[in-house]
Asks: 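Encoded as structure tokens, here's the structure I'll be asking about.
Only a predicted model underlies this, so the values are computations on that prediction, with no experimental measurement involved. Excluded from the calculations below are hydrogen atoms, water molecules and symmetry mates; all remaining heavy atoms, backbone and side chain alike, are included. Order of the sequence lines fixes the chain letters, A, B, ..., with proteins taken first and strands second; residue numbering starts at 1 for each chain.
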Number of protein chains: 4
Amino acid sequence: MPVLATTTRLAGRASARYGPGMARHILTLSCQDRPGIVAAVSSRLAEGGANILEANQFDDLETGRFFMRVLFDGADDADHGANLAPVAARFGMDWALRGADTPMKVLLLVSKFDHCLTDLLYRWRSGELAMEPVAIVSNHPRSAIGPVDLGDIPFHHLPVTPTTKMDQEARLLALIEAEGVELVVLARYMQVLSDGLAAKLAGRCINIHHSFLPGFKGAKPYHQAHARGVKLIGATAHYVTGDLDEGPIIEQDVERISHSDTPDMLVAKGRDIERRVLARAVAWHVEQRVLPNGKKTVVFRR
Amino acid sequence: MPVLATTTRLAGRASARYGPGMARHILTLSCQDRPGIVAAVSSRLAEGGANILEANQFDDLETGRFFMRVLFDGADDADHGANLAPVAARFGMDWALRGADTPMKVLLLVSKFDHCLTDLLYRWRSGELAMEPVAIVSNHPRSAIGPVDLGDIPFHHLPVTPTTKMDQEARLLALIEAEGVELVVLARYMQVLSDGLAAKLAGRCINIHHSFLPGFKGAKPYHQAHARGVKLIGATAHYVTGDLDEGPIIEQDVERISHSDTPDMLVAKGRDIERRVLARAVAWHVEQRVLPNGKKTVVFRR
Amino acid sequence: MPVLATTTRLAGRASARYGPGMARHILTLSCQDRPGIVAAVSSRLAEGGANILEANQFDDLETGRFFMRVLFDGADDADHGANLAPVAARFGMDWALRGADTPMKVLLLVSKFDHCLTDLLYRWRSGELAMEPVAIVSNHPRSAIGPVDLGDIPFHHLPVTPTTKMDQEARLLALIEAEGVELVVLARYMQVLSDGLAAKLAGRCINIHHSFLPGFKGAKPYHQAHARGVKLIGATAHYVTGDLDEGPIIEQDVERISHSDTPDMLVAKGRDIERRVLARAVAWHVEQRVLPNGKKTVVFRR
Amino acid sequence: MPVLATTTRLAGRASARYGPGMARHILTLSCQDRPGIVAAVSSRLAEGGANILEANQFDDLETGRFFMRVLFDGADDADHGANLAPVAARFGMDWALRGADTPMKVLLLVSKFDHCLTDLLYRWRSGELAMEPVAIVSNHPRSAIGPVDLGDIPFHHLPVTPTTKMDQEARLLALIEAEGVELVVLARYMQVLSDGLAAKLAGRCINIHHSFLPGFKGAKPYHQAHARGVKLIGATAHYVTGDLDEGPIIEQDVERISHSDTPDMLVAKGRDIERRVLARAVAWHVEQRVLPNGKKTVVFRR
């Protein structure tokens, strides 16, 4: 059970309240629904001296699965995990408890397009993202991306060819483990992860791709969308699974286009949508607002 | 403590779950925040045999006030109010418990514009609004509104002049009380309620009006917006208070306009925004998703 | 060359300008691009005493095709068509000239869902749509749709079964011709038009259908979208062709949904999007703002 | 009459068409409406060997003023200005003709907030903005803004105090003239320009500021919006005039907020809206899509 991270924002939010010796935590859980879950969890937290600041529940009436997220303040020397464990066991919960005072460790994977990378770094510096970028990895050299200031974040060039792919992914995974990476973001990384790597990163690897109504398969999708004459283009952020572009969706958005937009303009507008949608998905994930629900997600938006 | 209404939608939503002898309820509450509120409420509900389907909390860290909404199923012959009363007393709660199987009784006030009335009736017939329209009141005769089908809903013509205003409002209030009206909707009612009536209807009377960036005072606001050359027009739904157009905001939305839109076109687009925003505000109110928070609202959107 | 229709709105718009003996017209044209088209058309109009109020051009640089729409005032006893014909011939134009003082004759096709029908009739009565509904046709009896006021518009029940489909379509086409119908709107008509009828109505028959990112084929699309966990649902209005749901797109829009929306709620939100998107497509078509461009459309939005 | 700039995008757009010895131009004009303007302009262009690629007209029926923008290709050794001058004189036009192959020279004014600056530079590098940033000026030292890569763009520190304001503005104006600056962008410049400087820069200086429904005056507007409980926050880009924040509006947009957004979160969301709205306004201005119309603008959006 990882116990880490907070954002400036969250910390700042409750400064008047947040006493000495207190720390902020986020609890997420899911289990088969039955009466008494909220009561059991909240009572246990109260007994442990915790104060609930924000809580969300959702009951999936189709599957009978119950989902909950709780943001609470508690003594920083208390073992809130040990306190909650008996309740979690009793209800057979999938659960995670994480300190909210340490930003989540994130690895950013890129290729040649840098609009998502640039935007994520800007938002991180602005204090919008409760993350710590511990590594930037590209299958191209540093010079392939534009004049974006990477600051002190280590840049790793891990080139890949069909014959070296297994080895490259092994090196990537070693880096993920060595750095204690909690989230991998494919910020327009133009390589498909192998099924094996996708499986190892299940639920902690986010991808962004374009989306259209109707959808288009194959190369040059913005050109296809232009040829079809669609009036909206969009992007989807999702968790990576072995099934390419089909993992659980976290966030989507669209923008209006017109007949006078050329394919190049679509690509430019697409950049805007992609960076916006990916930034939201990352923000919600690092604040632990996204809970997996089979092939779907529960997103407790703020 | 009123104990009434459900929507087809909500009922339909959990039909698989909803056993014989069970009824659905919505609990809303607010109180000064302190540890243990969620635990106390949810434990008490569990002890009373209730099953929580959906719950939301919000802790206003500026004021230290805590807000909660709980949707639960419980035995239909149990007195859930009596069960909860001791907890409510202990925390000094403002609270309401209402059955969710009976639609909320709504009175619709109109003048000559019927776009909001038409839209609310259409959504009600479609099963989108958990309400029962018990009366339509206008300061104009039935013929002043268009060919909208009022069905069996009684239409009351309560004309008003400056000298008869006090009397008209007394008759309106008598109707509200006689019919057990729970919510009054000013669906483009072009009369200002007196401070006295606004005070009596505090928290249960919703108004819709146009909104602009920047705002405009006085007559013909769409013409003013046109003259100013704004690129967005909008609408705001809010609770009515003595302070005209300044009550707690429930919902807002905007639409894009251009230099080629005439004032008439702005009025037409404004109709669309007004009906959409008012419908959302009414839907959320009748599902008890809107909790007052001083001059603001907490809206637990679905 | 049909020479008909105006809207209250358009007429009202220029009342100060619109002199006695004048009429308003809309010219639309497309042709292979070459220098001098705008000059030739506008000079010819000026020579014919016309005054251009609004004009749009678009040059499709991929295909070299040029598109133009002109709104102009001209003497009501002048033959503007004869005046323009030599220019049209010189440039090999596809062109249409239509009086803008007579609303376009529209036939509305429905089945059991009445949200689009209700909305179109409401907007027509509000003066937003420059159309005259000359017939409402359903494959179900009048009682299948809700309590919507059809006014004086004739309702035709044309039931259809696989064996009677050819005959039903022949009757429908006869009605279209007898009434001088200029536009057929499939306002949630749940029958697929035959290729033959689709071909006969090419460019003058608009359909509305749901759209998703990604798309879903087959039955119960809102349930599929729910199962997939999409975060946006949408609708597309398009011209009908033999290729089902694949005709030239006129307009699209989406709305945000969440994990807590049930399939029933998606259907309800879908109704809102469908009626909004269809109303826009119809409004633009009847104002002759939509020009066909192969499998796409050029839409000169106002 | 300045004759300069094009964007990669525009150039790329018509590369198949754009022959040797040809150059692209943008003509913008306004004049009192009367019959024959479009004919006269387009005939004159055709006589001068120009080919119109895109054209927009708008006739303000309230004021009788006519607006037009034309994008055309013409021989690069022809004097299109001299060709058009007689027509312009005949109709008493305000007009501008500018080569579209040279990007517009832009000066960016900043203070401490760098989100708009960062975004504009990113979009410029991506080829989305047909501009050339010739100078960045701040009233604070370079260190006041974050780690944004300014490349080769000269940075000028022009500090200002009440007593040095006149002098600082004189230096700024000297720089504007020395560099041939065509557009000044206040990218969150936290100083009010004097009336004199605003007048000198009329129509070529764009500002961005937050906007709300309803509006708020005074300091800390996001905190005021939070206190009022609004559900939307927005931003407005406008030309600077002597009347602070009241110049002709170019573009506006909004984003949805909720009761759980703190003032800090509003500020963060506001940054997103501000940079998006300012980028659009600058893009449209440098493509000469924005024509002044008294206290309003005509925006021929692409």
Asks: Side-chain contact test, heavy atoms from C-beta onward, threshold under 4.5 Å: evaluate it for L29(A) versus V41(A) and give yes or no.
Replies: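 Side chain of L29(A) against side chain of V41(A), heavy atoms only: contact under 4.5 Å found.
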Asks: Does the distance from a Lys or Arg side-chain N to an Asp or Glu carboxylate O, for E54(B) and R289(B), drop under 4.0 Å?
Replies: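 Answer for the salt bridge query: yes.
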Asks: Could you walk me through whether N293(B) and R65(B) satisfy the side-chain hydrogen bond (donor to acceptor under 3.5 Å, both in side chains) test, starting with their C-alpha distance in whole Å, then the side-chain angles of each, then the deciding distance to 0.1 Å, before giving a yes or no?
Replies: CA-CA 8 Å; N293(B) 182 17; R65(B) 192 134 190 110; 6.0 Å; no
Asks: Please flag which part of R34(A) lies under 4.5 Å from any non-hydrogen atom of chain B: side chain, backbone, both or neither.
Replies: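 R34(A) touches chain B through backbone heavy atoms alone.
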Asks: Can you name the closest pair of heavy atoms from F91(A) and A40(A) and give their distance?
Replies: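 Distance-wise, the nearest heavy atoms are CE1-CB, 3.6 Å.
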Asks: Can you tell me how far CE of M93(B) sits from OG of S30(B), rounded to the nearest 0.5 angstrom?
Replies: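 Between S30(B) OG and M93(B) CE, I get 9.0 Å after rounding to 0.5 Å.
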Asks: Do any N or O atoms from the side chain of T297(B) and from the backbone of I249(B) form a donor-acceptor pair under 3.5 angstrom?
Replies: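 Side chain of T297(B) to backbone of I249(B), a donor-acceptor pair under 3.5 Å: yes, one is there.
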Asks: Is A50(A) close to chain B through its backbone or its side chain, or both, or neither, when contacts mean heavy atoms under 4.5 Å?
Replies: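 For A50(A), the contact with chain B is made by the backbone alone.
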Asks: With a 4.5 angstrom heavy-atom cut-off, which part of A46(A) approaches chain B: side chain, backbone, both or neither?
Replies: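 For A46(A), the contact with chain B is made by the side chain alone.
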Asks: For residues 268-280 of chain A, give me every residue with a non-hydrogen atom less than 4.5 Å from any non-hydrogen atom of chain B.
Replies: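 Answer by number: none.
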Asks: Given 3.5 Å as the limit, does a donor-acceptor pair link the side chain of D59(A) with the main chain of L61(A), or not?
Replies: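 Here the side-chain-to-backbone pair does not exist.
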